[in-house]
Amino acid sequence: PMPADLRQHRLIACGAFVIYLVAEFILFQPNEYDNNKLLYVWFLLCLPMAADYALVDAQQIPYADASFDLVIANMMLYHVPDLELGLSEVRRVLKPGGRLLIKGSYIEKDSRSYALAESVGIARGIVEEYLLQDLRDAGFAKVQSTVVAEAVWAENPYDLIPAAGDLQRFCVIEAVK
């Protein structure tokens, strides 16, 4: 017989897949951005089968020093109020040689989006060049960014940033402790 915890994970994965299929094929999805959100939901629901995960405050990570080989920050660093503290905490919980992988969308410094980001206090985390420097300042090594896509942002009433017409870069950034 299958262990109960594995059975539960399979049920979660099956439920997540059904949710994804219903949302993807039955509900109208107006753009690729919304379809990506559904993929993230499906991924997060299936994640317990592959690894343990927890949602924590990046400024106060409740784990011992050198606990992790890998920390993933997915589209969230620009939401951390004290980015310097958050990066320090991530570095603290990484093992020596551990990696931080960051996926995010970034704007240019001379754009309307930058002025908006500055006005709400998130410019440090949403401008790629600044984030790369902040990672180095926090003591990370081998900091590198890979641009995976670029797009001119269309009007979207649900997003303050980026502003319509501004270039946005989607990057994966890697840093090593």
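Every value quoted in this text rests on a predicted model; they were computed, and no experiment measured them.
- The pair Glu129-Lys109 counts as a salt bridge, with a side-chain nitrogen and a carboxylate oxygen less than 4.0 angstrom apart.
- A distance of 6.5 Å separates CE in Met75 from CZ in Phe170, rounded to the nearest 0.5 Å.
- Closest approach of Val176 to Gly97, counting heavy atoms only: CG1-O, 3.7 Å.
- A heavy-atom distance below 4.5 Å is not found between the side chains of Tyr106 and Val147.
- When all heavy atoms of Tyr78 and Gly125 are compared, the closest pair comes out as CD2-O, 3.5 Å.
- Residues Thr146 and Cys171 form no side-chain contact, since every pair of their non-hydrogen atoms from C-beta on lies 4.5 Å or further apart.
- For the atom pair NZ of Lys177 and CG of Asp69, the computed distance is 11.0 Å after rounding to the nearest 0.5 Å.
- Nearest heavy-atom pair, Gly165 versus Val152, reported as atom, atom and distance to 0.1 Å: O-CG1, 3.4 Å.
- In the hydrophobic clustering of ILVMFWY residues, with side-chain heavy atoms under 4.5 Å counting as a link, Met76 and Leu83 come out together.
- When all heavy atoms of Ala123 and Tyr114 are compared, the pair lying nearest together is CB-CE1, 3.7 Å.
- Contact between Asp166 and Ser111 at its shortest, heavy atoms only, is OD2-CB, 3.4 Å.
- At a threshold of 4.5 Å between non-hydrogen side-chain atoms, the residues Val93 and Val71 count as touching.
- Using a 4.5 Å cut-off on side-chain heavy atoms (C-beta onward), Val56 and Pro62 make contact.
- Side chain of Glu174 to backbone of Leu100: no donor-acceptor contact under 3.5 angstrom is found.
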Apply salt bridge (charged side-chain N to carboxylate O under 4.0 Å, His left out) to the pair Arg169 and Glu108, showing each step before the final yes or no.
CA-CA 9 Å; Arg169 286 187 182 86; Glu108 297 179 309; 3.5 Å; yes
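- In this structure, Leu167 and Ile107 have side chains that are not in contact, with every pair of non-hydrogen atoms separated by 4.5 Å or more.
- Side-chain contact between Ile61 and Arg92: present, with at least one pair of heavy atoms (C-beta onward) separated by less than 4.5 Å.
- Contact detail for Ile126 and Ala117: the closest heavy-atom pair is CG2-CB, 3.7 Å.
- The structure places CG of Leu70 at 10.0 Å from CZ of Phe68, a figure rounded to the nearest 0.5 Å.
- One distance of note links CG of Leu87 with CG of Leu131; it measures 6.5 Å at 0.5 Å rounding.
- Around atom CZ of Arg99, no more than 12 heavy atoms belonging to other residues, nucleotides or ligands sit under 6.0 Å away.
- Side-chain contact check for Val172 versus Ile102: every heavy-atom pair is 4.5 Å or farther apart.
- Side chain of Arg91 to backbone of Gly139: a donor-acceptor contact under 3.5 angstrom is found.
- Distance check: Leu135 CG to Lys142 NZ gives 15.0 Å after rounding to the nearest 0.5 Å.
- Side-chain contact check for Asp134 versus Leu77: every heavy-atom pair is 4.5 Å or farther apart.
- When the shell of 6.0 Å around CD of Gln133 is examined, it contains more than 12 heavy atoms from other residues, nucleotides or ligands.
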